[in-house]
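First the proteins, then the strands, lettered A, B, ... as listed; each starts at 1. Everything numeric in this text was worked out from a predicted model, so none of it was measured.
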Number of protein chains: 2
Amino acid sequence: MKDNSKISSAVIKRLPRYRRYLYDLQKKNVDRISSNELSNLIGYTASQIRQDLNNFGGFGQQGYGYNIQSLYNEISAILGLDQEYKMVIVGTGNLGQAIANYTHYYKSGFKVAAMFDVNPKLIGLRINDIEVLDYEMLDEFMKNNTIDIGIICTNKDSAQEVVDKLCAGGVKGIWNFAPTDLNLSDDIALENVHLSDSLHSLAYYINRNKQKDS
Amino acid sequence: MKDNSKISSAVIKRLPRYRRYLYDLQKKNVDRISSNELSNLIGYTASQIRQDLNNFGGFGQQGYGYNIQSLYNEISAILGLDQEYKMVIVGTGNLGQAIANYTHYYKSGFKVAAMFDVNPKLIGLRINDIEVLDYEMLDEFMKNNTIDIGIICTNKDSAQEVVDKLCAGGVKGIWNFAPTDLNLSDDIALENVHLSDSLHSLAYYINRNKQKDS
DNA sequence: TAGATTGTTAATCGATTAACAATC
DNA sequence: TAGATTGTTAATCGATTAACAATC
């Protein structure tokens with residue numbers, strides 16, 4: 001595998017999508033596909049698909065195309081999905097609970113080790129067999145456990161403080177659902193899910209389409 | 001305002017973020033800001049900020065900068081946030097409920113008119129004063145109500161069918177949380193929130209950082 | 001007016017697409 | 001082998017950044 005350190009984020013964002021399509025093809029017992037056929041399915045140009053994949057090595061074979069099983073495995077490995085990740089969720093409101101459920105049912109490599117909240121009504125509950133702990137215990141918990149990913153489901157005002165604690169506690173990545181931008185050292189990965197921003201873009205396109213109609 | 005129909009999506013994705021920062025500045029009673037100061041806050045170059053804003057018109061003033069209140073209002077209007085949107089949520093599991101709560105508390109212009117599910121245990125419940133209706137009634141509901149946005153919180157297998165019904169029912173936009181790609185006419189806006197893909201990118205960057213360390 | 005800062009054009013940079021030689 | 005299709009280089013396209021004249 002080549003040096004991955006300077007591959008553009010545009011490429012990385014497409015990898016999970018390739019993987020989803022390859023997963024479905026695998027389920028259908030298809031065993032090979034050309035960049036051209038994949039292009040028709042997924043909507044990227046065949047040229048882009050070949051360029052993207054060649055960032056990581058030559059996974060195809062001239063005259064044949066790509067073996068679906070092995071390409072799926074390669075992409076999974078590139079993304080690091082052959083590993084396990086221990087996570088904590090901070091903020092156990094509806095969204096925190098939804099994420100806990102989601103990762104519980106769908107994402108086998110991603111384990112929620114604990115959830116934290118300040119609300120006494122939530123502390124002590126078990127959600128999908130995951131204990132909700134007092135936020136006061138976060139520092140101690142981080143000291144006694146190796147946690148890879150911190151998931152921020154708090155409001156925007158608490159988010160930075162929580163992130164600071166999690167980073168001090170040794171997480172390698174932050175999955176942020178709070179509607180704010182976070183400051184953290186750039187050796188810790190950060191992925192934002194800004195639901196507000198997403199909804200606001202949607203509103204823009206709704207109106208743009210309206211204008212086109214009239 | 002200029003013709004917005006060919007503004008790149010890179011620009012549009014930045015608008016909600018500008019708006020967030022302007023909102024905070026407004027709260028702090030700051031009344032003007034230069035592209036340079038805003039650049040220091042938000043992290044885009046001053047040049048990009050000026051380019052972005054000038055896609056929609058000259059909102060600044062030479063020698064002065066931008067008036068925060070009025071720029072905030074302009075961006076809100078560009079995004080269509082001066083309007084109301086009626087929404088339905090299909091799929092009332094944890095995620096559907098979280099979205100209902102979220103829009104209920106934070107997003108005053110976005111009203112959830114109804115929620116739908118196939119699960120008899122959920123049908124009839126009220127969540128934040130929003131009724132959970134039988135999915136069987138979706139078509140009829142859409143006939144009798146004007147709904148702007150359909151929110152997909154189903155599993156991936158049901159998503160396309162739901163979208164087809166919503167589009168037939170006249171929605172102008174789809175906010176998709178199901179982990180699949182949807183087909184719809186391009187006069188209907190589509191915004192995807194692919195949580196899987198997001199988590200998978202995070203995993204990639206965690207591993208890339210690990211490699212750099214060693 | 002002088003200084004500041006925009007609006008806008010030009011230059012650069014990066015990402016996508018096209019083309020084709022290599023090769024299975 | 002001949003046909004198909006990749007891997008990779010070159011060309012194009014688009015987005016970002018730099019520069020500066022316009023102007024408040």
A.B. asks: Using Watson-Crick or G-U wobble pairs with both distances under 3.5 Å, give me DNA chain D in dot-bracket, 5' to 3', with [ ] for crossers and | for pairs to another strand.
C.D. replies: ..||||||||||||||||||||||
A.B. asks: Is any side-chain nitrogen or oxygen of A/S35 closer than 4.0 Å to OP1 or OP2 of D/dT5?
C.D. replies: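 Checking D/dT5 against A/S35, no side-chain N or O comes under 4.0 Å of OP1 or OP2.
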A.B. asks: Output the single nucleotide from C/dT6, D/dT8, C/dT17 whose closest atom is nearest the side chain of A/N54.
C.D. replies: D/dT8
A.B. asks: The test is salt bridge (Lys or Arg N to Asp or Glu O under 4.0 Å); show your working for A/D197 and B/R17 and say whether it passes.
C.D. replies: CA-CA 7 Å; A/D197 291 13; B/R17 187 167 156 152; over 6 Å; no
A.B. asks: Generate the contact string for nucleotides 18-24 of chain D. Rules: B means base contact, S means sugar-phosphate contact only, - means no protein heavy atom under 4.0 Å.
C.D. replies: BBB-BBB
A.B. asks: With sugar-phosphate meaning primed atoms plus P, OP1 and OP2, does A/Y44 contact a base, only sugar-phosphate, or nothing at under 4.0 Å between heavy atoms?
C.D. replies: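 A/Y44: no heavy atom of the nucleic acid under 4.0 Å.
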A.B. asks: For residues 150-157 of chain B, dump all side-chain donor-acceptor pairs below 3.5 Å to protein atoms at least two apart in sequence or in another chain.
C.D. replies:
residue: B/N155; atom: OD1; partner: B/D157; partner atom: N; Å: 3.1
residue: B/N155; atom: OD1; partner: B/S158; partner atom: N; Å: 3.0
residue: B/N155; atom: OD1; partner: B/S158; partner atom: OG; Å: 2.9
residue: B/K156; atom: NZ; partner: A/D24; partner atom: OD1; Å: 3.4

A.B. asks: Excluding sequence neighbours, so at least two apart, what forms side chain to side chain contact (heavy atoms under 4.5 Å, CB included) with B/K86?
C.D. replies: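 By the side chain to side chain contact (heavy atoms under 4.5 Å, CB included) rule, B/K86 matches B/I147, B/D148.
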A.B. asks: Give the C-alpha distance, both sets of side-chain angles, the deciding distance and a yes or no for ring pair (Phe, Tyr, Trp, His ring centres under 6.0 Å) between A/Y18 and A/Y44.
C.D. replies: CA-CA 10 Å; A/Y18 287 122; A/Y44 306 140; 5.5 Å; yes
A.B. asks: Would you say the ring centroid of A/Y85 lies under 6.0 angstrom from that of A/F110?
C.D. replies: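 When the ring centroids of A/Y85 and A/F110 are compared, they turn out to be within the sub-6.0 Å range.
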A.B. asks: Using the test ring-ring contact (aromatic ring centres under 6.0 Å, His included), find all partners of A/F116 that sit at least two apart in sequence or belong to another chain.
C.D. replies: A/F141
A.B. asks: Enumerate the residues from residues 20-30 of chain B whose closest heavy atom to DNA chain D is under 4.0 Å, giving them by residue number; use none for an empty result.
C.D. replies: none
A.B. asks: From C/dT17, D/dT6, C/dT6, pick the nucleotide closest to the side chain of A/S34?
C.D. replies: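 Among C/dT17, D/dT6, C/dT6, the one nearest the side chain of A/S34 is D/dT6.
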A.B. asks: Counting the atoms with a prime plus P, OP1 and OP2 as sugar-phosphate, which does A/R14 contact under 4.0 Å by heavy atoms, base, sugar-phosphate, or nothing?
C.D. replies: sugar-phosphate
